[in-house]
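Below you'll find the structure, written out as structure tokens, and then a few comments.
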2 protein chains.
Amino acid sequence: MDKQTITIYDVAREADVSMATVSRVVNGNANVKPATRKKVLDVIEKLDYRPNAVARGLASKKTTTVGVIVPDVTNMYFSSLARGIDDVATMYKYNIILTNSDSNSEKEIKVLNTLLSKQVDGIVFMGNEITDKLREEFKRTKTPIVLAGSVDEQNLKPSVNIDYVAAVQEEVKNLIDRGNKRVAFVCGPLEQAINGKFRLEGYKKALKSAGIPYDDKLVFETDDTYKTGTLLQLALMSVNATAAMVTDDELAAGIMNGMSDAGVKVPDKFEIITSNDTKLTEMVRPKMSSITQPLYDIGAVAMRLLTKLMNNEDVNEKNVLLPYGLMKRESTK
Amino acid sequence: MDKQTITIYDVAREADVSMATVSRVVNGNANVKPATRKKVLDVIEKLDYRPNAVARGLASKKTTTVGVIVPDVTNMYFSSLARGIDDVATMYKYNIILTNSDSNSEKEIKVLNTLLSKQVDGIVFMGNEITDKLREEFKRTKTPIVLAGSVDEQNLKPSVNIDYVAAVQEEVKNLIDRGNKRVAFVCGPLEQAINGKFRLEGYKKALKSAGIPYDDKLVFETDDTYKTGTLLQLALMSVNATAAMVTDDELAAGIMNGMSDAGVKVPDKFEIITSNDTKLTEMVRPKMSSITQPLYDIGAVAMRLLTKLMNNEDVNEKNVLLPYGLMKRESTK
DNA sequence: GATTTATTTGAAAACGTTTTCAGTTTGCCG
DNA sequence: CGGCAAACTGAAAACGTTTTCAAATAAATC
């Protein structure tokens, strides 16, 4: 139907050189006489030749494409990471194939495999529950994989994160120090190591060093959505919580609005700290105090790490922890 | 280094059939005897064979990958569209290469070309300023392109949108009917046809039919960011505006918070209507009234349209307008 | 059972590059 | 100039599929 496309062969013929030479000039190989280079370049220009990346990928076994698996791009936390990833990806001449997994283990495995069949040069994975099956799939491939903003308790793969334990511990300590005896811990699925293992541990540690007994009535496991947050006000009140450490910004916004709508003043009657410092924290009233994470940077560093892995450079630190901070805004006293 | 990969040839040998036959069973071609099919399938299973999509792409000239060009995934408006796109893409067995353009025409052209060189089967483009140069690039390729949530005044390419003129006109009319004599129009870059041509036209029409003269002091051209919104309060007050029609949710949130922070009660002293109905409208207090757009659907329909184009099916309506709505929340009286 | 027709199969040529290896030129030196 | 190294260049073999076309086999018809 369309035999319009110009191939390297056409260029070679027209420039009266071999395909090899054309390939060399296209790839910036030094071993080509300036005169021939120019000749070829002119023909390329004239014919409007564009290399076919698929053929190139087949021949060179490099696609300059990396896969990105994300629970949901619609979530600001992940879109921020994704943006950081894409920026350094393009900086290194890669493109990203973006896939949404909905945190569904089956889908994760499925897209992982289609990404591999598409011969991506590497993968950055986001998603906090690394199931055994997924880990098996990870092991099956030699394609480099790095986790971004996602922890695997077994540290099978390189990763970029912050120190969730310390961050939560510090914030909960602050809450306690300000006089809150009953601090709730509102989180996403505890199955996810980031919640059930790390953040919860920080929470417990803070309680312990303050001599407060752990009460699992104060732990609320949710699905991480705004909507759910809005419905939590009553439950939180009924256990006499006066503050909450929340693991997701949208969830936290929901809780806060639920409180406000029910007439519970934030922060006077109820303090809230959230975890991701997305721009949502600033848009909401009162503005939410938050653990600050360099979201964009986590993505960017993860991608940078991946480029090294893809290049077979050796990396000294496989599990990077980026610095976190604590941003006091208006949802805490 | 790694000669681990199983090819179709290995399967053929092991199953004692030809590569053609293996290819047929992999592709679900009907013309293969059940017995051989099973034999091949067993070998595939045993060898853990996975087709190489790159080779497949070269041979078949189909990559089952589409390019998505978006100003910024971090913007909820676009991430919602992107999600719709990805969902129907995977439904039709495509993957998406996602690229951020920052609405920068040069970058748009650049990524467009790298997407084409990667032989994507189609492209969905988001970004509201279609420059002549970009249009030229669009014309250069036979790869189908559709615009999602993005208008081109010249209607060069198929697109999926809502009727921005009518939507804005209707909302501004409501504002006027409620007694607002001075309604501001706060928008992103007027160069973008969606603002400078369509929405502005709706605004003007509404004024006209209410017999109110158009006053360009009431038109505020911005960069569409939250931050800018927060800084607009004074300017809006100084032109005695009592309401604003805003073209972006984050921008609107900024304006509203700017107002609230300055002690101007919304909606009592100032009414605000926004345009994109992202989930932000619900998270902010007061909740923002908005034109509702089926964001996810716009993406989904655009992608569906693209599949048809890629399939050479003919489509009856090239420029789809999806229904919009008006959602009254708390930022209007 | 001989034909005819339909169903399955395989050989080999694409697809558009990169890359290896051997050959040609060129430049330099004595 | 002759000889040798260095700089360029080209032929052809990959890369791992799909696809075409003809051949082989099986099924159906009379």
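Every heavy atom of this structure was used, including side-chain atoms; hydrogens, water molecules and symmetry mates were not.
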May I ask you to say what [X] touches in the nucleic acid, namely base, sugar-phosphate or nothing, with a heavy-atom cut-off under 4.0 Å?
X       : result
B:Val54 : nothing
A:Val17 : sugar-phosphate
B:Asn52 : sugar-phosphate
B:Arg37 : nothing

What nucleotide, of [options], holds the atom closest to the side chain of [X]?
X       : options                : value
A:Met19 : C:dG16, C:dT18, C:dT9  : C:dT18
A:Thr36 : C:dG10, D:dT9, D:dG16  : D:dT9
B:Val32 : D:dT19, C:dT9, D:dT17  : C:dT9
B:Lys61 : D:dG10, C:dC15, D:dT18 : C:dC15

The criterion is side-chain hydrogen bond (donor to acceptor under 3.5 Å, both in side chains); which residues satisfy it with B:Ser117, sequence neighbours excluded? none
Toward the 5' end of DNA chain D, by each residue's nearest nucleotide, B:Ser23 or A:Ala55: A:Ala55
Does B:Lys39 pair with B:Asp42 as a salt bridge, N-O distance under 4.0 Å?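 No.
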Contacting residues from residues 7-16 of chain B, given that a heavy atom lies under 4.0 angstrom of DNA chain D: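 Within residues 7-16 of chain B, the residues near DNA chain D are B:Thr7, B:Ile8.
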In the 5'-to-3' direction, what one-character label does each nucleotide of nucleotides 20-27 of chain D receive under the scheme B = base within less than 4.0 Å of a protein heavy atom, S = sugar-phosphate only, - = no such atom? B-------
